[in-house]
Amino acid sequence: MRASQFHLATTKETPSEAEIVSHQLMLRAGLVRRLSSGLYNLMPLGLRVVRKIEAIVREEMNRAGGIELLMPAVQPAEIWQESARWEKYGPELLRMQDRHGRDFCMGPTHEEVITDIARKELRSYKQLPINFYQIQTKFRDEIRPRFGVMRSREFIMKDAYSFHTTEASLLETFDDMHNAYCEIFNRIGLEYRPVEADSGSIGGAKSREFHVLADSGEDALAYSTGDEFAANVEKAAAVAQGTRGEASSDMAVVPTPGVHTIDELSKALNVDAKQCAKTLLVEGTESPVVALVLRGDHQLNAIKAEHLEQVASPLTFASAEAIQSVANCDAGSIGPVGLTIPVIADADAANMSNFVCGANKNDQHITGVNWLRDLPEPVIADIRNVVEGDASPTGKGEIKIVRGIEVGHIFQLGTTYSEAMKATILDENGKSQDMHMGCYGIGITRVAAAAIEQNHDDKGIIWPESIAPFTAVISPINMVKSDAVKAAAEKLYQQLKDANVDVLLDDRPLRPGVMFAEMELIGIPHRFVVSEKLLAENQLEYKGRSDSEATLINIEEAVQKITAK
RNA sequence: CGGGGAUUGGCGCAGUCUGGUAGCGCAUCUGCUUUGGGAGCAGAGGGUCGUAGGUUCGAAUCCUACAUUCCCGACCA
């Protein structure tokens with residue numbers, strides 16, 4: 001490609017709408033342009049990146065036995081009503097009507113459509129297992145789109161769906177997909193980590209997320225220093241440390257004017273946050289309000305909490321009025337002592353002794369509180385986030401936390417959809433049975449953003465070679481004036497093209513500094529500089545995007561410099 | 001939806017407090033010079049100041065409503 005025939009549009013200044021580095025660089029390098037909130041144009045340069053990611057994903061999916069098809073982006077309401085998700089999915093599902101007043105939605109995912117295909121196409125166990133996939137545009141009416149294509153409303157996703165006669169067969173494909181995903185992210189060249197995850201609203205037994213590691217990631221991941229354990233913090237089980245100590249001090253009410261938070265409490269009474277109990281009132285299922293008790297230095301894990309049968313889902317904090325009626329005080333002074341509602345304590349909170357908590361009276365706390373002696377034994381459950389230094393739930397090593405960007409997610413769906421939509425098959429005995437399902441997604445556009453998030457410097461993007469919009473660029477110095485430079489640049493351009501290198505010839509009449517800065521911003525992995533001075537020595541300058549220094553090479557070595565890798 | 005910003009040529013911003021008819025940088029166009037790190041000089045084009053009301057002799061500036069957008073929280077590839 002010749003730069004003069006392409007559309008490059010970079011900016012020196014960072015658009016004010018972009019907050020995180022990948023979004024800033026995607027805009028500055030001219031990869032994407034915003035059309036509206038959560039809607040982005042993929043500009044020619046950005047599309048090149050996306051196509052390369054798609055190609056890798058497609059190859060590995062095919063290698064793993066996937067069969068590509070393409071389903072419509074617009075879906076009829078009927079199938080969503082069958083799966084009951086027309087009601088359940090909520091406002092994230094963009095609904096619309098056609099001219100006849102029939103309901104449709106923009107597909108946020110395709111379980112319903114694929115299950116409809118399966119029930120029509122698949123009759124015999126002999127046809128299974130089978131794994132269909134597509135690479136397609138999805139629409140989710142996100143509450144808050146943000147970070148450019150990282151969380152946009154319309155985005156490109158690879159979604160695969162597998163069908164099985166048995167759970168064992170599903171497990172096998174699940175593992176195959178796990179391996180295929182590892183292969184995909186290895187090939188792209190990203191630092192990533194598969195982790196155990198909560199399966200969320202899609203449902204199903206087991207699920208695993210693939211995260212690209214980056215400090216700006218929206219998810220916290222816990223892993224063990226002792227073994228392979230890794231899980232999303234949402235999911236990672238917290239292990240209680242130690243056992244409950246002796247009840248050695250007496251209960252005493254102390255005045256604590258103006259103290260509302262654990263932080264203020266520990267300062268006011270000069271006690272460690274670990275000695276304080278945090279009591280949160282949330283809406284319950286059996287009783288209107290339920291108390292959740294955590295150690296002061298721990299954070300509530302909403303997902304774990306709403307999995308408890310006593311707790312309403314989604315997790316909702318009790319209103320100020322409800323708190324008043326249950327505890328006779330404001331939110332900052334609640335404590336578990338004397339409450340007549342169900343009390344659920346985190347395992348670590350249940351291990352506390354002689355602790356400090358709210359007195360259920362404004363501006364007062366109680367010290368020296370002990371379970372069993374001063375209040376009934378609580379229901380014990382794991383409702384907190386793991387923190388660094390916790391023991392690993394596997395018993396080996398301790399927990400460390402890193403941040404990640406979720407780029408892939410694989411689920412075992414089981415028979416949820418096939419039951420609801422009557423997707424059955426005849427087994428060996430001629431008996432009808434529900435198909436087992438798995439589903440497997442990769443956010444293609446998000447991978448591009450995550451790659452930038454992980455690979456950039458102050459000059460711009462540093463693409464992994466596998467997904468760079470161009471593999472190499474030729475930057476001729478003052479080509480307009482020098483026929484020798486022009487000839488040499490054209491010759492190298494032809495040679496690289498012949499060698500199947502995705503090369504860009506910067507034939508624009510620009511000053512060198514502008515060309516260099518622009519190509520570094522765009523992040524092209526290899527650069528060749530052709531200049532009159534160097535040609536006299538039969539040389540070129542080569543610089544890898546992440547190299548600190550350029551090197552001089554003989555002209556003949558140029559092609560090999562790239563193809564040898 | 002709750003909270004907090006923002007909206008002024010294509011982009012980044014100043015001007016708003018204290019009302020007097022819009023300015024800077026980048027980008028664009030023309031000419032000349034320059035050609036190894038986003039160049040210099042000279043000139044040019046481009047804005048009903050988000051929208052609609054209101055106050056005023058007069059509104060980018062004050063008031064009201066709305067819209068759009070970004071950030072923080074609950075959703076997710």
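So that the names make sense, note that chain A is the first sequence line, chain B the second, and so on, each numbered from 1.
Nucleic acid contact class of A:Leu534 (heavy atoms, under 4.0 Å, all strands): base. Contacts of A:Ser152 with the nucleic acid, taken as non-hydrogen atoms under 4.0 Å apart, include base atoms. Counting any heavy atom pair closer than 4.0 Å across all strands shown, A:Glu520 reaches a base atom. Within 4.0 Å of A:Val529, counting heavy atoms only, lies at least one base atom of the nucleic acid. Nucleic acid contact class of A:Leu521 (heavy atoms, under 4.0 Å, all strands): base. Within the 4.0 angstrom heavy-atom criterion, base atoms lie near A:Thr10. No contact: A:Arg508 has no heavy atom under 4.0 Å from any strand.
Between the C1' atoms of B:C11 and B:C66, the separation comes to 27 Å (whole Å). Distance check on atom C1': B:U8 versus B:G15 gives 9 Å, rounded to whole Å. Across B:A14 and B:A6, the matching C1' atoms stand 15 Å from one another, rounded to whole Å. Atom C1' of B:U48 sits at a distance of 12 Å from the matching atom of B:A60, rounded to the whole Å. Spacing of P atoms, B:A44 relative to B:G38, comes out at 27 Å, to the nearest Å. Taking atom C1' on both B:G46 and B:A22, the two are 14 Å apart, rounded to the nearest angstrom. B:U69 and B:G58 have their P atoms separated by 35 Å, with the value rounded to a whole Å. Here the separation of B:G31 from B:U16, taken at their C1' atoms, is 40 Å to the nearest Å.
Nucleotide B:C13 forms a Watson-Crick or G-U wobble pair with B:G23, both donor-acceptor distances falling under 3.5 Å. In this structure, B:G45 makes no Watson-Crick or G-U wobble pair, since no nucleotide meets both defining distances under 3.5 angstrom. Across all strands shown, B:C32 forms a Watson-Crick or G-U wobble pair with B:G40, both key distances being under 3.5 Å. Pair assignment for B:U68: B:A6, on the basis of Watson-Crick or G-U wobble contacts that are both within less than 3.5 Å. B:U55: no Watson-Crick or G-U partner with both key distances under 3.5 Å is found in any strand.
The distance from atom CD of A:Gln299 to atom P of B:G73 is 13 Å, rounded to the nearest whole Å. Rounded to whole Å, atom P of B:A77 lies 6 Å from atom NE2 of A:His409. Atom-to-atom, NZ of A:Lys235 to P of B:C76 comes out at 14 Å; the value is rounded to the nearest Å. Rounded to whole Å, the distance from CZ on A:Phe317 to C1' on B:G2 is 14 Å. Atom pair A:Asp141:CG and B:A77:P shows a separation of 16 Å (rounding to whole Å applied). As a whole-Å value, the separation of A:Arg28 CZ from B:G38 P is 14 Å. Here the P atom of nucleotide B:C75 and the CZ atom of A:Arg140 are 14 Å apart, to the nearest Å. Per the geometry, CD1 belonging to A:Ile143 stands 13 Å off P belonging to B:G2, to the nearest Å.
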Sugar-phosphate or base contact per nucleotide [nucleotides 39-47 of chain B; S, B, -; heavy atom under 4.0 Å]: B--------
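The ring pair (Phe, Tyr, Trp, His ring centres under 6.0 Å) test applied to A:Tyr440 returns no partner, not counting sequence neighbours. Every salt bridge (Lys or Arg N to Asp or Glu O under 4.0 Å) that A:Glu112 has, sequence neighbours left out, goes to A:Arg85. Remark: A:Ser482 pairs with A:Glu532 by the side chain to side chain donor-acceptor pair (under 3.5 Å) rule, at least two apart or across chains.
Nearest to the side chain of A:Ala517, among B:G36, B:C11, B:G38, sits B:G38. Among the nucleotides B:U35, B:C75, B:A77, the one closest to the side chain of A:Ile477 is B:U35. Comparing B:C1, B:G38, B:A77 by their nearest atom to the side chain of A:Glu142 picks out B:A77.
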Nucleotide N/O of nucleotides 67-70 of chain B paired with protein N/O under 3.5 Å:
{"unit_1": "B:U69", "atom_1": "OP1", "unit_2": "A:Ser36", "atom_2": "OG", "d": "3.2"}
{"unit_1": "B:U69", "atom_1": "OP1", "unit_2": "A:Ser37", "atom_2": "N", "d": "3.1"}
{"unit_1": "B:C70", "atom_1": "OP2", "unit_2": "A:Ser37", "atom_2": "OG", "d": "3.0"}

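Annotation: cation-pi pair A:Arg527/A:Phe516 present, NZ/CZ under 6.0 Å from the ring centroid and within 45° of its normal. Judged by the 6.0 Å and 45° rule, A:Arg95 forms no cation-pi pair with A:Trp80.
The aromatic ring of A:Phe155 is stacked on the base of B:A77, with the two ring centres less than 5.5 Å apart and the planes inclined by under 30°.
Ring centroid separation for the pair A:His526 and A:Tyr542 comes in under the 6.0 Å cut-off. The six-membered or imidazole ring of A:His23 lies near that of A:Tyr40, with a centre-to-centre distance under 6.0 Å. Separation of the A:Phe6 and A:Phe470 ring centroids falls under the 6.0 Å cut-off.
Where A:Lys533 and A:Glu234 each meet RNA chain B at their nearest nucleotide, the meeting point lying more 5' is that of A:Lys533. Nearest-nucleotide positions on RNA chain B place A:Phe516 closer to the 5' end than the other of A:Phe516 and A:Gly408.
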Trace of the salt bridge (Lys or Arg N to Asp or Glu O under 4.0 Å) decision for A:Glu17 with A:Arg34: CA-CA 10 Å; A:Glu17 69 187 63; A:Arg34 189 178 64 80; 3.4 Å; yes
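Using modelled atom types, no side-chain atom of A:His178 and backbone atom of A:Phe174 make a donor-acceptor pair closer than 3.5 Å. Of the possible donor and acceptor atoms, one in the side chain of A:Gln136 sits under 3.5 Å from a partner among the backbone N and O of A:Met71.
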Please tabulate, for the side chains in residues 184-193 of chain A, all donor-acceptor contacts under 3.5 angstrom to protein atoms that are two or more places apart in sequence or on a different chain.
{"unit_1": "A:Asn186", "atom_1": "OD1", "unit_2": "A:Tyr192", "atom_2": "OH", "d": "3.3"}
{"unit_1": "A:Asn186", "atom_1": "ND2", "unit_2": "A:Cys182", "atom_2": "O", "d": "3.1"}
{"unit_1": "A:Arg187", "atom_1": "NH1", "unit_2": "A:Glu59", "atom_2": "OE1", "d": "3.0"}
{"unit_1": "A:Arg187", "atom_1": "NH1", "unit_2": "A:Glu60", "atom_2": "OE2", "d": "2.8"}
{"unit_1": "A:Arg187", "atom_1": "NH2", "unit_2": "A:Glu59", "atom_2": "OE1", "d": "3.2"}
{"unit_1": "A:Tyr192", "atom_1": "OH", "unit_2": "A:Cys182", "atom_2": "O", "d": "3.3"}

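Side-chain atoms of A:Arg151 come within donor-acceptor range of the base of B:C76, with a qualifying N/O pair under 3.5 Å.
Residues A:Asp219 and A:Asn232 have side chains that bring a donor and an acceptor to within less than 3.5 angstrom of each other.
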